[in-house]
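Report on one structure; see the data block that follows.
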Amino acid sequence: MRNYLDTGDSYILFEKAVNSKLYVDKSMLIDAVSQSMESGNQYLCITRPRRFGKTVNANMLAAYYSMGCDSRQLFDRLKIATSPSYKKHLNSHHVIHIDFSRQPDGCKSYEEYIGHIVFQFRQDFTQAYPDIREEDCDSVYRMLLASGDSFVFILDEWDSILYESFMREQDKSSFMTFLKILLKDQPYADLAYMTGVLPIAKYSSGSELNMFDEYNFMNDSRYDIYFGFSEEEVRCLCEKCGTVSYEEVKQWYDGYHLSDGGSLFNPRSVNRALFRGVCLNYWTETGPMNEIADCIEHNVDEVREDIVKLVAGIPVEAELDGYSAAELQLDTRDEILSAMVVYGFLSYYDGYLSIPNHELMEKFRRVLSRDSMGEVKEIVDRSREMVKATLDCDEEKVAEILEEVHDREIPFLKYGDENALSCVLTLCYLYARKDYWVEREEKSGKGYCDYFFSPKKRGPAMIIELKVGKSCEDALAQIREKNYLQKAEGYGEALLVGINYDEKKRHACKIERVKF
């Protein structure tokens, strides 16, 4: 396990990151953190989904602040060297760096876990302070007080132990108390910089760690640019590596937002794609992505409609403030949706939720196929049949399936506008996402087509235009008149699908095959 009194381990880890071909310079985070410390706001908790750069940044801060190493040569070539305050804190603090995700081998209880942390800390501390009295070594905070020094705490993945199956409620409470005693109102704490996935309020009763300023995906306008990759940063990486085009990387991994509305990419996935030369589901394979389904299944009825709309590409309006101290269960729609934003499963900006990117869309598609989704799953199960009918130009079959779906007892599939019809289309064509990129209201020609299906490998493109209370012929005419065909020319063949619904004639479908 890494030394708690940092003696250069952080430097070694950060140096490896900086020397990587795919390194993105986030060193101006140091300036922002130092400003916060100097203004008396020395307790910072920054939470982000896993693999969003938290550990690299923690190593960077420890390497910069630590007296245990000389890191000038490393930081002189980074952006932080241009800051007027660069030299003020460089290698000038005692740093205590703890990665809470590390456990002793075979750990089976909280007692073993916290006991190992205390033992390791005592061992490191007595080595650094050989004159400390034995009676001052009975607790971590007493050792720190006895040293007479002040410290910068870099505490990475603070909440990782809370996920372990052996953790009981009383263990979680004990851990919060441990952090409180270690940090709260202690004269030796110059800075406490803490990272994790879940906000402190998720597990705190409200008083243990209320000295922390918390920054998460929903409220961070100060540190957001340092976690994840911006559009400009991804463009530069794509040009530098030349393995995957920027356009493909954007299609797969863009979709989160900075506080100013700018694009934010998933860094883990971008790195893996550029290194391996192919875009795949990288981030969603790094942890228990059943968390998406677990969140939903706490209260399927309230969020099922939201999930279907989101998969259909329809943004969902919500007022989310994140967890409050009392929200320890995912019982309500807002709690569930807040949790999904915190985990990174949904993007939240300007009051609207969306599924961030293609990588996550694949996971949501699978969620809709789970038994817990009830009648929605039954519709999804027929989507393979729907795709085949469309490719076979079987207009009657397409209309028949749509009719059957509409007649099910699912309230939000009763049409009031084209958005409701879009939800039906999304479910009926869900299987198509296996072989097609599906874009809703894609700009093409002189307007926007409702759905554009572009084949990932082979097969015809499909353009679907929806009408309510008009005719299939009107839909096909719009495809031609507004030149939606322009986008499909590169595929050699396209199916033009016009779908109409009216209360008298019900569903109707017309399909035309066009070759280029």
**Check: Leu402 and His406 side chains under 4.5 Å, non-hydrogen atoms** = no

**Request:** Would you check if the distance from the ring center of Tyr429 to the ring center of Phe453 is below 6.0 Å?
**Result:** yes

**Prompt:** Which heavy-atom pair separates Phe516 from Ala488 by the least distance, and what is that distance?
**Reply:** CE1-O, 3.5 Å

**Request:** Assess the side chains of Glu359 and Tyr282: does a donor N or O sit below 3.5 Å from an acceptor N or O?
**Result:** no

**Request:** Mind checking the OG-CG spacing from Ser263 to Asn357? Nearest 0.5 Å is all I need.
**Result:** 11.0 Å

**Prompt:** Is the distance between the ring centroids of Phe52 and Phe217 under 6.0 Å?
**Reply:** yes

**Prompt:** When rounded to the nearest 0.5 angstrom, what is the spacing between SG in Cys236 and OH in Tyr246?
**Reply:** 10.5 Å

**Prompt:** Would Glu247 and Lys250 pass as an ion pair if we require N to O under 4.0 Å?
**Reply:** no

**Message:** If the threshold is 4.0 Å, N to carboxylate O, is there a salt bridge linking Lys397 and Glu385?
**Reply:** yes

**Request:** State, without any angle test, whether Asp171 and Ser174 hold a side-chain donor-acceptor pair at a distance under 3.5 Å.
**Result:** no

**Message:** Would you say the rings of Tyr43 and Phe212 are close, in the sense that their centroids are separated by under 6.0 Å?
**Reply:** yes

**NZ or CZ of Lys467 within 45° of Tyr501 ring axis and under 6.0 Å** = no

**Item:** Arg48 and Asp220 ion-paired at < 4.0 Å
**Value:** yes

**Item:** Ion pair check, Arg433 and Glu362, cut-off under 4.0 Å
**Value:** no

**Request:** For Tyr215 and Asn219, test the side chains for any donor-to-acceptor distance below 3.5 angstrom and give the result as yes or no.
**Result:** no

**Asked** Does Asp435 pair with Lys457 as a salt bridge, N-O distance under 4.0 Å?
**Response** no

**Prompt:** Cut-off 3.5 Å, side chains only: do Gln103 and Glu112 have a donor facing an acceptor?
**Reply:** no

**Prompt:** Between Trp252 and Trp437, is the ring centre distance below 6.0 Å?
**Reply:** yes

**Asked** Salt-bridged, Arg480 to Glu512, with N to O below 4.0 Å?
**Response** yes

**Fill in**
Phe345 and Leu360 have their tightest heavy-atom pair at O-CD1, 3.9 Å

**Asked** So does Glu232 pair up with Arg235, basic N to acidic O under 4.0 Å?
**Response** no

**Prompt:** Is any side-chain heavy atom of Ile499 less than 4.5 Å from a side-chain heavy atom of Lys510?
**Reply:** no

**Item:** Test log, rule salt bridge (charged side-chain N to carboxylate O under 4.0 Å, His left out), inputs Lys482 and Glu465
**Value:** CA-CA 12 Å; Lys482 295 197 174 181; Glu465 187 66 26; over 6 Å; no

**Request:** With side-chain contact (heavy atoms from CB on, under 4.5 Å) as the test, would you mind laying out the steps for Asp371 and Lys377 before giving the verdict?
**Result:** CA-CA 6 Å; Asp371 290 338; Lys377 177 190 183 301; 2.8 Å; yes

**Request:** Please determine if Arg168 and Glu111 form a salt bridge, counting it only when a charged side-chain N lies under 4.0 Å from a carboxylate O.
**Result:** yes

**Message:** Salt bridge or not between Lys309 and Asp306? Use side-chain N to carboxylate O under 4.0 Å.
**Reply:** no

**Item:** Salt-bridge criterion met for Glu378 and Arg408 (N-O under 4.0 Å)
**Value:** yes

**Prompt:** Heavy atoms, side chains only, cut-off 4.5 Å: are Leu337 and Val341 in contact?
**Reply:** no

